[in-house]
Number of protein chains: 2
Amino acid sequence: MRPNLDRSNAVTPPSPPQRRRVTVADIASAAGVSRATVSLVLGGSPLVGAATRARVEAEIRRQGYVYNRGAANLRRKASTSVALVINDLSNPFFAEFAAGVDEALADVGHVMLLASTGESVERQRAVLASLVEHGPAGVILSPAEGSRAQDVRAVVGLHTPVLVFNREVEGGDWDFLGTDNAEGARQATAHLLAQGHRRIAFFGGHAGSSSCRQRRSGYLQALREAGIEPEPRWLVECTATRLQAAASTGALFVRDPAPTAAVAYNDAVALGLMLGLAARGILPGHDFAVTGFDDIPEAAASVPTLSTVATEPRARGRQAATLLLERVRAPETPPRTLIAPVQLVARASSAFTAPDATTNRTTLR
Amino acid sequence: MRPNLDRSNAVTPPSPPQRRRVTVADIASAAGVSRATVSLVLGGSPLVGAATRARVEAEIRRQGYVYNRGAANLRRKASTSVALVINDLSNPFFAEFAAGVDEALADVGHVMLLASTGESVERQRAVLASLVEHGPAGVILSPAEGSRAQDVRAVVGLHTPVLVFNREVEGGDWDFLGTDNAEGARQATAHLLAQGHRRIAFFGGHAGSSSCRQRRSGYLQALREAGIEPEPRWLVECTATRLQAAASTGALFVRDPAPTAAVAYNDAVALGLMLGLAARGILPGHDFAVTGFDDIPEAAASVPTLSTVATEPRARGRQAATLLLERVRAPETPPRTLIAPVQLVARASSAFTAPDATTNRTTLR
DNA sequence: CTGAAAGCGCTTACAG
DNA sequence: CTGAAAGCGCTTACAG
């Protein structure tokens with residue numbers, strides 16, 4: 001993958017000059033001091049006398065001066081921005097994550113550059129290239145599926161630290177912040193087992209994605225620990241959207257005895273599954289137990305409310321920002337991997353005891 | 001409101017220098033050309049010979065050079081970023097809007113600076129000040145409630161064009177992109193009237209917000225055009241969240257005859273209302289008709305699906321970005337006000353004919 | 001086609 | 001306490 005060399009702005013010309021901008025020089029001459037003194041006032045330096053400071057500040061307000069942090073950062077070789085690259089802002093999980101990043105950055109006076117990739121590796125390349133040229137202190141990347149470490153590194157360069165979130169990219173020399181997917185699915189499965197379910201499906205996601213594989217492994221582990229040999233037909237794949245999940249519901253009931261519960265890949269899938277169940281006359285939370293993953297806001301508001309594994313994306317966002325800024329301050333420390341803990345939230349969708357495993361014959365269709 | 005004069009970075013020091021950064025000078029000397037020539041190569045200028053160009057490009061790749069667009073923009077007095085200030089990223093309406101802005105900006109090679117205010121005027125001030133210092137070509141502002149034009153202008157300065165979205169700020173000399181709130185509520189009300197409803201409530205929102213007032217006025221207009229004198233108790237205020245709406249449902253049924261339908265302030269409120277109705281044993285879409293506003297993704301997936309007024313936040317985001325960039329190119333043209341059209345989407349939540357108005361006695365509790 | 005020079009708006013030693 | 005000077009990384013007339 002070659003870096004994008006053309007800076008000709010083929011797409012659109014950059015914005016033309018506006019009304020002449022007020023600079024430190026304007027303030028300096030109006031206040032009768034040198035530019036250096038204005039700069040010291042701006043920096044809150046104690047070297048400047050109170051009278052001088054007052055004069056300069058009055059002039060700053062009078063002329064509506066706006067500090068040019070870009071110029072300052074250029075001179076100081078510093079940065080006060082962080083780039084965030086996510087898949088899709090309309091996914092509430094990523095929106096919450098971005099909100100967390102924003103919170104943490106605002107607290108330390110940094111600004112967030114945000115772009116989304118729509119899960120396209122090519123768009124990710126373009127977007128990373130564009131963001132990195134703006135000189136962020138670092139990049140938080142929730143990588144598109146199929147991202148390769150060398151491609152990311154080629155476009156980001158060696159200069160800018162990267163923190164990868166959510167999905168590992170093999171071979172990267174960067175920090176990683178992940179979620180304990182296996183443990184979350186294990187907890188969800190154990191919860192269903194504790195309610196007496198023996199035929200439990202894992203519903204949704206694609207085995208190609210690492211988070212799906214990890215969740216499946218936690219699910220399988222819990223089943224095996226309970227002495228249950230999982231059946232292959234309990235593993236139902238589907239794209240992680242509500243609509244696809246609703247449409248795939250039938251796959252659970254192709255043969256008797258059907259599962260009485262399902263661990264869904266995530267909340268979107270779980271909500272879709274509940275829709276699909278309802279459409280078949282199966283009441284989720286009554287005839288069939290469902291758990292989700294993520295605890296998006298909707299999980300607490302759906303009917304029935306959705307039992308799910310809370311991953312707290314907003315807290316993860318804050319954490320990611322903090323970790324990245326630590327890395328910026330200590331570029332040479334070895335890369336870290338952090339796996340955030342998860343917590344099962346039991347709600348109505350799984351709040352029933354399974355019928356006895358031997359007599360239960362859910363002949364549903 | 002005084003501008004924030006202190007640039008001392010009290011909160012956190014800006015990031016320290018990283019490994020030495022590769023510059024045009026490094027490429028130039030390695031390729032045996034001047035910095036100007038490298039710049040011309042970067043700019044895709046036809047003045048450079050093919051052999052020279054190839055040599056320079058090879059060197060750029062070899063050294064992992066990353067273009068410093070900040071420095072270039074400083075020199076050219078240009079900008080390739082746009083700032084977006086919204087209330088809350090975890091609100092799907094704003095998340096979709098931001099996604100639209102992002103799409104449009106990415107298409108023209110601009111970068112998005114994003115921050116949220118949490119509906120706080122003070123945080124909005126701080127966030128605007130911080131963003132504007134990074135020199136965006138313009139600012140898209142979805143103002144926090146209570147924003148005042150002079151405060152915004154004081155902190156943004158005269159140099160940076162502003163486009164206000166969603167909520168008007170009195171006295172601003174900027175472009176405004178809004179939604180036809182009155183027309184949307186009028187359509188929703190007319191739709192319910194056409195189904196035979198005569199006692200129709202307007203549910204949710206606060207009369208203090210201009211969008212709520214506009215929606216109420218469309219609702220009232222539709223009722224009056226139908227010869228119905230609206231009753232004061234049909235106007236139920238509540239904060240625009242699902243939970244608050246569910247909790248306020250009872251206010252509709254304090255006296256007989258109760259309304260048989262409600263125009264909800266927005267989708268969150270409508271979904272909460274449907275929950276509140278269900279909790280009282282009233283089936284939304286069967287015993288009581290509900291319409292929402294916004295058409296968030298969930299509206300199509302709720303049970304029953306929610307009739308609503310589509311405002312297409314993503315399209316609005318794209319439009320806002322386009323309008324702002326037009327303004328950047330033509331700073332002197334007079335401010336524009338655009339009111340985007342809306343479209344009623346009829347779904348199950350309103351898909352029943354009202355019982356005859358005279359015999360109907362919904363003695364519900 | 002290529003190079004030397006000036007300058008964007010700022011900061012930071014260094015003198016005074 | 002304040003000012004003159006250099007320089008961050010780039011671009012752009014202007015010569016040649």
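Residue numbers begin at 1 in each chain, while the letters A, B, ... track the order of the sequences. This is a predicted model, so every value here is computed, not measured.
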Checklist line | Contact under 4.0 Å: B:Thr52 side-chain N or O vs C:dC1 OP1/OP2 | finding: no
Next item on the list: Find the distance B:Leu47:CG to C:dG3:P and express it as a whole number of Å.
Entry: 13 Å
Notebook entry, point to check: Would you call B:Arg329 and B:Glu326 a salt bridge, taking side-chain N to carboxylate O under 4.0 Å as the test?
Noted result: no
Item checked: Partner residues of A:Ala144 under the side chain to side chain contact (heavy atoms under 4.5 Å, CB included) criterion, sequence neighbours left out -> A:Asn87, A:Thr117, A:Glu119, A:Val121, A:Gln124, A:Ser147
Item checked: Spacing of A:Met112 atom CE and B:Leu131 atom CG [to the nearest 0.5 Å] -> 9.5 Å
Margin query: Once rounded to the nearest 0.5 Å, what's the spacing between atom CG of B:Asn68 and atom CZ of B:Arg21?
Written below: 4.0 Å
Scan nucleotides 7-10 of chain C against the protein and return all N/O pairs shorter than 3.5 Å with their distances rounded to 0.1 Å.
residue : atom : partner : partner atom : Å
C:dG7   : N2   : B:Arg75 : NE           : 3.3
C:dG7   : N2   : B:Arg75 : NH1          : 3.2
C:dG7   : N3   : B:Arg75 : NH1          : 3.4
C:dC8   : O3'  : B:Lys77 : NZ           : 3.3
C:dC8   : O2   : B:Arg75 : N            : 3.1
C:dG9   : OP1  : B:Lys77 : NZ           : 2.8
C:dG9   : N2   : A:Ala71 : O            : 3.1
C:dC10  : OP1  : A:Tyr65 : OH           : 2.4
C:dC10  : OP1  : A:Asn68 : N            : 3.2
C:dC10  : OP2  : A:Val24 : N            : 2.6
C:dC10  : N4   : A:Arg35 : NH2          : 2.2

Check: Based on Watson-Crick and G-U pairs with both distances under 3.5 Å, what dot-bracket line describes DNA chain C 5' to 3', crossing pairs as [ ] and inter-strand pairs as |?
Finding: |||.||||||||.|||
Checklist line | Results of side chain to side chain contact (heavy atoms under 4.5 Å, CB included) for B:Asp175 - residues two or more places apart only | finding: B:Leu163, B:Arg327, B:Pro335, B:Arg336
Taking only distance into account, with no hydrogens and no angle test, what donor-acceptor pairs under 3.5 Å do side-chain atoms of residues 34-44 of chain A form with protein atoms, sequence neighbours excluded?
residue : atom : partner : partner atom : Å
A:Ser34 : OG   : A:Ala36 : N            : 3.3
A:Ser34 : OG   : A:Thr37 : N            : 3.3
A:Ser34 : OG   : A:Thr37 : OG1          : 3.4

Margin query: Is A:Thr37 close enough to D:dC1 that one of its side-chain N or O atoms is under 4.0 Å from OP1 or OP2 there?
Written below: no
Next item on the list: Would you check if the side chain of A:Ser142 reaches a backbone N or O of A:Ile86 as a donor-acceptor pair within less than 3.5 Å?
Entry: no
Note to self: For B:Glu145, give me all partners under side chain to side chain donor-acceptor pair (under 3.5 Å), at least two apart in sequence or on another chain.
What the structure shows: none
